[in-house]
Amino acid sequence: MPELPDVEGFRRVLAEHAVDARVRGVDVTDTGVLRGTTPAALDRALAGQRFTEPRRHGKWLLAGTGGPTVVMHFGMTGSLLWCAGDEPRHPHDRVIFRLDRGELRFRDSRKLQGIRLAENDDAVDRLLADTGPDALSIGRGEFDALLTGARRRIKALLTDQSALAGLGNLLADELLWRVGVHPARPAGELSEDERARLYDEMRRVLRAAVRAGRVPPREGWLTGVRDERDAPCPRCGGPLERTRTAGRSTVWCPRCQPR
DNA sequence: TTGCATGTTCCGGA
DNA sequence: GTCCGGAACATGCA
């Protein structure tokens, strides 16, 4: 279910367990998650290398070695786990990085995204060339400039990874609900005050979610009720509205978020 | 059995 | 060119 906070959690898994560990080898049990590389190329590039401090940009996780970098994207169902012992492999463990202290496992059922191999930092830059600024790093001024003059719907803009990297469907709904902005309003139509509050809420929600390592279904948040049929708005108690556009579900409160 | 799922990409139409 | 919705990708779950 990865949005920025989940990927940040996976980054911590790498940072805690894999940094400085030597890679013994890479096992690929399903090539369906490899993008532009092969099991042999992955193993050849990584065996003997040591992971350096991992980085995250938006929903991308970058596991560098000083040489090649493993570039991971988790789609909707991916995750990264550390297994120190000999826990049996899960059927969805598609790629296993065998390190000298244990295993790092890329687990993913739907295989909507996967693992790429960047030979050097230039190749990493090329992979991320179309990705916008990270939602946790973007400054207030840059965020403001992004929205000002944009004619697109605010939700479409917030979830467009080439505009702003890291927010997904749940986070976008959560933020707009908190700020009281209807998801279909043109981004450029938001007031100075709405833009300011949206930025502040984005930072607040992201910080809390990063601490949890996921987008938490928390009481008092929209996330806490969005999966319940007929659940009332946690703020005003009124009925929530639900629609689908382009395959994405949208939940909002027509009272708190007028058109 | 059918519909739905927190992601991205590609395509056609307005 | 811009924006939007739908389909596709592959799989599990209610």
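Computed from a predicted model, the values in this text were never measured in an experiment. Per chain, numbering begins at 1; letters A, B, ... match sequence-line order.
- Across all strands shown, A:Thr159 has no heavy atoms under 4.0 Å from either base or sugar-phosphate atoms.
- No hydrogens or angles considered: nothing links the side chains of A:Thr69 and A:Arg55 as a donor-acceptor pair under 3.5 Å.
- Salt-bridge check for A:Asp122 with A:Arg126: failed, with every basic side-chain N at 4.0 Å or more from each acidic carboxylate O.
- The local environment of CD in A:Glu219 is sparse, with at most 12 non-hydrogen atoms from other residues, nucleotides or ligands closer than 6.0 Å.
- Between B:dT6 and C:dC3, the distance separating the two P atoms is 24 Å to the nearest Å.
- Summarising the geometry, the separation between CD on A:Gln113 and C1' on B:dC10 is reported as 13 Å, rounded to the nearest angstrom.
- For A:Ala156, the side-chain atoms get nearest to C:dC4 when compared with the rest of B:dG7, B:dT8, C:dC4.
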Handout entry: Watson-Crick or G-U pairs under 3.5 Å in DNA chain C, rendered as dot-bracket with [ ] for crossing pairs and | for another strand
Key = .||||||||.||||
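- Minimum interatomic distance between A:Lys59 and A:Pro2 (heavy atoms only, all atoms of both residues): CD-O, 4.2 Å.
- When the salt bridge (charged side-chain N to carboxylate O under 4.0 Å, His left out) test is applied to A:Arg204, the partners found at least two apart in sequence or on another chain are A:Glu201.
- B:dT6 atom C1' lies 17 Å from atom CD of A:Glu8, rounded to whole Å.
- Residue A:Phe74 contributes atom CZ, which lies 13 Å from atom C1' of B:dG7 at whole-angstrom precision.
- In this structure, A:Leu4 places its CG atom 11 Å from P of B:dT8, rounding to the nearest Å.
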Exercise for the section: Starting at the 5' end of nucleotides 6-14 of chain C, put B wherever the base has a protein heavy atom under 4.0 Å, S where only the sugar-phosphate does, and a dash everywhere else. Expected result: B--BBBS--
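- Looking at residues 122-132 of chain A, you'll see that no heavy atom sits under 4.0 Å from any atom of DNA chain C.
- In this structure, A:Asp125 places its CG atom where more than 12 heavy-atom neighbours from other residues, nucleotides or ligands lie under 6.0 Å away.
- Remark: A:Phe51 pairs with no residue by the ring pair (Phe, Tyr, Trp, His ring centres under 6.0 Å) rule, at least two apart or across chains.
- In terms of phosphate contacts, A:His73 brings no side-chain nitrogen or oxygen within less than 4.0 Å of OP1 or OP2 of B:dG7.
- Aromatic ring orientation, A:His73 versus A:Trp60: perpendicular (interplanar angle above 60°, classes split at 30° and 60°).
- Per the geometry, CG belonging to A:Leu157 stands 12 Å off C1' belonging to C:dC3, to the nearest Å.
- For the pair A:Asp134 (side chain) and A:Gly58 (backbone), a donor-acceptor distance under 3.5 Å is present.
- If you take NE2 of A:His57 and P of B:dT8, they are 12 Å apart, rounded to a whole angstrom.
- Between B:dT8 and C:dG1, the two P atoms lie 24 Å apart (nearest whole Å).
- For A:His57, there are no ring pair (Phe, Tyr, Trp, His ring centres under 6.0 Å) partners at least two apart in sequence or on another chain.
- Nearest heavy atom pair, residue A:Leu222 against residue A:Val251, reads CD2-O, 3.7 Å.
- Following rounding to the nearest Å, A:Arg185 (CZ) and C:dC3 (P) show an atom-to-atom distance of 17 Å.
- Taking atom CD1 of residue A:Ile154 and atom C1' of nucleotide C:dC4, one finds them 16 Å apart after rounding to whole Å.
- Nearer the 5' end of DNA chain B, as judged by each residue's closest nucleotide, is the contact made by A:Ser249, out of A:Ser249 and A:Trp60.
- When all heavy atoms of A:Arg105 and A:Glu87 are compared, the closest pair comes out as NH2-O, 2.8 Å.
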